[in-house]
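As the structure lists them, so they are numbered: ligands from 1, and atoms in each ligand from 1. Along the sequence shown, residues carry numbers from 1.
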Amino acid sequence: MAVLLTGGAGYIGSHTAVELLNEGYEVVIADDLSNSSEEAIRRVEKITGKTVSFYRCDVREWEALNRIFADNSIEAVIHFAGLKAVGESVREPLRYYRVNLDAAMTVLEGMQTHGVKRFVFSSSATVYGAECPFPYTEDMETGGCTNPYGWTKFMIEQIVTDTAKATGMSAVLLRYFNPVGAHPSGLIGEDPAGIPNNLMPFVSQVAVGKLKRLNIFGNDYPTPDGTGVRDYIHIVDLAKGHVAALVYAEQHTGTEVFNLGRGSGVSVLELVENFERANDIKIPYVFTERREGDIAECWADTTKAKELLGWTAKLGLEDMCRDSWNWQRQNPNGYDE
Ligand code: NAD
Ligand code: UFG
């Protein structure tokens, strides 16, 4: 069975491609490489010893997308493609709404035209309301987004739900918490452009000497050590969650939503201490002002994924820190030579 991964050359898509290939699926990737490198696809092939059909295109281009569906017997789509930088979305809201909504709708139209009935979407914990009590469960109210990026996820969830209802498609909305880490081979990993916004890539770049020290955004939050708490999940666990979601979509119709997290909160200081211990490296840091828009804490209730998908995260914080460093150490400049 062939699965189309839009945005499959990116961080989450490339790791998901490995897990799908390992499970015997055929993988077709459509990516415009606006935030990724074709080298990631070559490395997916190296890890798995299997080939990937790659189309370099913007999935909003109907002709190109149509050709992909016509050339391959695609039975399911996992839609990763989109813009994802929160701060940039605040500065350029129209670009974010245009790209993210248009990409999702064009892909759904392509599926409808070609009779493809299974869809998995990369949503985010950011769709929950900041007022929701922790841990977040899937039935809690959504729409508390604080930036245009988050609103695109909220809106696409609605678009997918309405489309599935109208067409009889089966859709799975996956709300990711904080994916970190890399494939244990160190061949693929997160390769952010410029200075990383997110914690783990920033810490890794401090470790490799590209950045001087970590700025910890606030130590006066109402958390045990005053720093922000998040639900970090190893990228390989997250990728396996997509395989489970595909199987679920094969067996059900309608739309279902799942949290993909570990179900436990980790503070910034805990993550730094674990990174130092796991890799025997000192990470210099200073406390600075809180980052605008950040919440104190956020973690998932993962019961639903465990019960309905039969999926649960297996890897711990030490694995995440070890594998992030392994990738960064072997690829100090990411996929750039
Ligand atoms: P990424 O930027 O590494 O991957 C996205 C891929 O989509 C990139 O390879 C990019 O080149 C491609 N792309 C973007 N627009 C495209 C278009 N119009 N046509 C074709 N390709 C296009 O990001 P990621 O971290 O792998 O995230 C994948 C998805 O998961 C995104 O939708 C993101 O919003 C979502 N998500 C990510 C996180 C996270 O922390 N990484 C958290 C929640 C949700
Ligand atoms: N942090 C620092 N210093 C840094 C970077 C981050 O102290 O240099 C702190 C943040 O303040 C926060 C924690 O580390 O407390 C995690 O921050 P990240 O930027 O790694 O992750 P966020 O939880 O802020 O954001 C992530 C994704 C977003 C998504 C959001 C909610 O990056 O795309 O989760 O799901 F919207």
Side-chain angles (χ1 to χ4, degrees), residues 5-16 29-38 40-41 55-61 64-65 78-87 89 96 98-100 102-104 106-107 121-128 136 145-147 149-150 152-153 156 174-180 189-193 195-203 205-206 211 213-219 221 223 227-233 235 238-239 242 259-261 265-269 271-272 285-300:
L5 309 191
T6 71
Y11 174 45
I12 303 173
S14 56
H15 288 81
T16 302
I29 289 179
D31 198 304
D32 63 1
L33 303 183
S34 56
N35 196 39
S36 53
S37 162
E38 199 172 340
I41 297 173
Y55 294 80
R56 182 174 185 172
C57 71
D58 185 324
V59 293
R60 294 174 296 158
E61 287 168 15
L65 187 70
I78 308 184
H79 181 56
F80 297 103
L83 304 175
K84 65 160 189 176
V86 172
S89 81
Y96 269 68
R98 191 184 298 281
V99 173
N100 288 2
D102 196 3
T106 309
V107 169
F121 174 61
S122 300
S123 189
S124 164
T126 194
V127 299
Y128 289 110
Y136 290 145
C145 310
T146 53
N147 54 73
Y149 164 74
T152 68
K153 295 296 179 193
I156 296 169
L174 297 177
R175 293 183 185 149
Y176 309 151
F177 280 69
N178 289 60
V180 296
E190 188 169 11
D191 181 19
I195 295 175
N197 290 313
N198 298 116
L199 181 61
M200 188 67 100
F202 202 107
V203 168
Q205 292 200 11
V206 171
L211 297 167
R213 62 173 174 268
L214 169 70
N215 297 312
I216 297 186
F217 301 144
N219 62 346
Y221 282 108
T223 59
T227 65
V229 167
R230 297 290 185 275
D231 186 343
Y232 298 97
I233 172 169
I235 187 71
L238 189 89
H242 292 74
N259 288 336
L260 292 188
V266 170
S267 75
V268 176
L269 279 176
L271 185 141
V272 170
Y285 63 82
V286 288
F287 293 114
T288 61
E289 291 295 292
R290 290 181 181 190
R291 182 171 64 180
E292 209 187 316
D294 270 0
I295 52 174
E297 42 191 358
C298 167
W299 69 91

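Checked against a 3.5 angstrom limit, the closest N/O atoms of V86 and ligand 2 fall outside it. For ligand 1, one of its N or O atoms has an N or O atom of I12 under 3.5 Å away. At a 3.5 angstrom cut-off on N or O pairs, A103 does not count as close to ligand 1. When only interatomic distances are considered, the shortest N/O to N/O separation between V59 and ligand 1 falls below 3.5 Å. Taking any N or O of G10, backbone or side chain, at least one lies under 3.5 Å from an N or O belonging to ligand 1. Any N or O atom pair closer than 3.5 Å counts here, and Y11 shares at least one such pair with ligand 1.
Atoms OG and CG, on S124 and N259 in that order, are 10.5 Å from each other to the nearest 0.5 Å. Here the straight-line distance linking atom CD1 of I216 with atom CG of L269 works out to 4.5 Å at 0.5 Å rounding.
Looking at atom 11 (O) of ligand 2, its nearest protein heavy atom turns out to be D294 OD2, 2.5 Å. The protein heavy-atom contact nearest to atom 17 (C) of ligand 1 is D32 OD2, 3.5 Å. Protein heavy atom at the shortest distance from atom 18 (N) of ligand 1 is D58 OD1, 2.9 Å. Nearest protein neighbour of atom 26 (C) of ligand 2, counting heavy atoms only, is N178 ND2, 3.7 Å. The protein heavy atom nearest to atom 13 (C) of ligand 2 is Y232 OH, 3.5 Å. For atom 24 (O) of ligand 2, the closest non-hydrogen atom on the protein side is R291 NH2, 2.9 Å. Atom 11 (O) of ligand 1 has as its closest protein heavy atom D31 OD1, 2.7 Å. Of the protein's non-hydrogen atoms, the one nearest atom 28 (C) of ligand 1 is F80 O, 3.7 Å. Of all protein heavy atoms, the one closest to atom 33 (C) of ligand 1 is Y149 OH, 3.6 Å. Among protein heavy atoms, the minimum distance from atom 15 (N) of ligand 1 is reached at G82 N, 3.6 Å. In terms of protein heavy-atom proximity, atom 2 (O) of ligand 1 is nearest to N35 ND2, 2.7 Å. Protein heavy atom in closest approach to atom 1 (N) of ligand 2: F217 CD1, 3.6 Å. For atom 27 (C) of ligand 2, the closest non-hydrogen atom of the protein is N198 ND2, 4.0 Å. When hydrogens are left out, the protein atom nearest atom 25 (O) of ligand 1 is K84 NZ, 2.8 Å; that is the closest non-hydrogen contact. The protein atom (non-hydrogen) at minimum distance from atom 29 (C) of ligand 2 is S124 OG, 3.9 Å. Distance from atom 20 (O) of ligand 2 to its nearest protein heavy atom, with residue and atom name: L199 N, 2.9 Å.
Ligand 2 places these atoms under 4.0 Å from at least one heavy atom of N197: 5 (C), 19 (O). Every atom of ligand 1 is numbered from 1 in the order shown, and the set under 4.0 Å from a heavy atom of P179 is 39 (C), 40 (O). The S36 neighbourhood of ligand 1 comprises atoms 8 (C), 9 (O), 11 (O), with distances under 4.0 Å to a heavy atom of that residue. Within ligand 2, the atoms closer than 4.0 Å to a non-hydrogen atom of I216 are 7 (O), numbered from 1 in the order shown. Listed by number with element, the atoms of ligand 1 under 4.0 angstrom from any heavy atom of S124 are 43 (C), 44 (C). The K153 neighbourhood of ligand 1 comprises atoms 31 (C), 32 (O), 33 (C), 34 (O), 35 (C), with distances under 4.0 Å to a heavy atom of that residue. Near S122, with a cut-off below 4.0 Å to any heavy atom, the atoms of ligand 1 are 29 (C), 30 (O), 32 (O), 35 (C).
Among L5, L238, I78, L174, the single residue meeting the side-chain contact (heavy atoms from CB on, under 4.5 Å) criterion with I12 is L238.
Side-chain atoms of Y136 and V127, non-hydrogen and from C-beta on, never get closer than 4.5 Å to each other. Looking only at side-chain heavy atoms (C-beta outward), Y285 and V268 stay at 4.5 Å or farther from each other. Residues L65 and T106 form a side-chain contact, since some pair of their non-hydrogen atoms from C-beta on lies under 4.5 Å apart. Y149 has its side chain out of reach of L83: every pair of non-hydrogen atoms, C-beta onward, lies at least 4.5 Å apart.
Look at E190 and you'll find every heavy atom at least 4.0 Å from all atoms of ligand 1. Remark: distances from the non-hydrogen atoms of L33 to ligand 1 include one below 4.0 Å. Heavy atoms of S123 come nearer than 4.0 angstrom to ligand 1 in at least one pair. Distances from ligand 2 to the non-hydrogen atoms of Y149 include at least one value under 4.0 Å. Residue contact check for ligand 1: C57 places a non-hydrogen atom closer than 4.0 Å to it.
A donor-acceptor distance shorter than 3.5 angstrom exists from the side chain of T6 to the backbone of F80, with no hydrogens or angles considered. Under the 3.5 Å distance criterion, the side-chain polar atoms of N198 are left unmatched by any main-chain donor or acceptor of M200.
Across A64 and C57, no two heavy atoms sit closer than the pair CB-CB, 3.8 Å.
Looking only at atom types and distance, the side chain of N215 has no donor-acceptor partner in the side chain of T288 under 3.5 Å away.
Using a 4.0 Å cut-off between heavy atoms, H79 makes no contact with ligand 1 at all.
If you check each of A85, G7, A64 against atom 7 (O) of ligand 1, the one with the closest non-hydrogen atom is G7.
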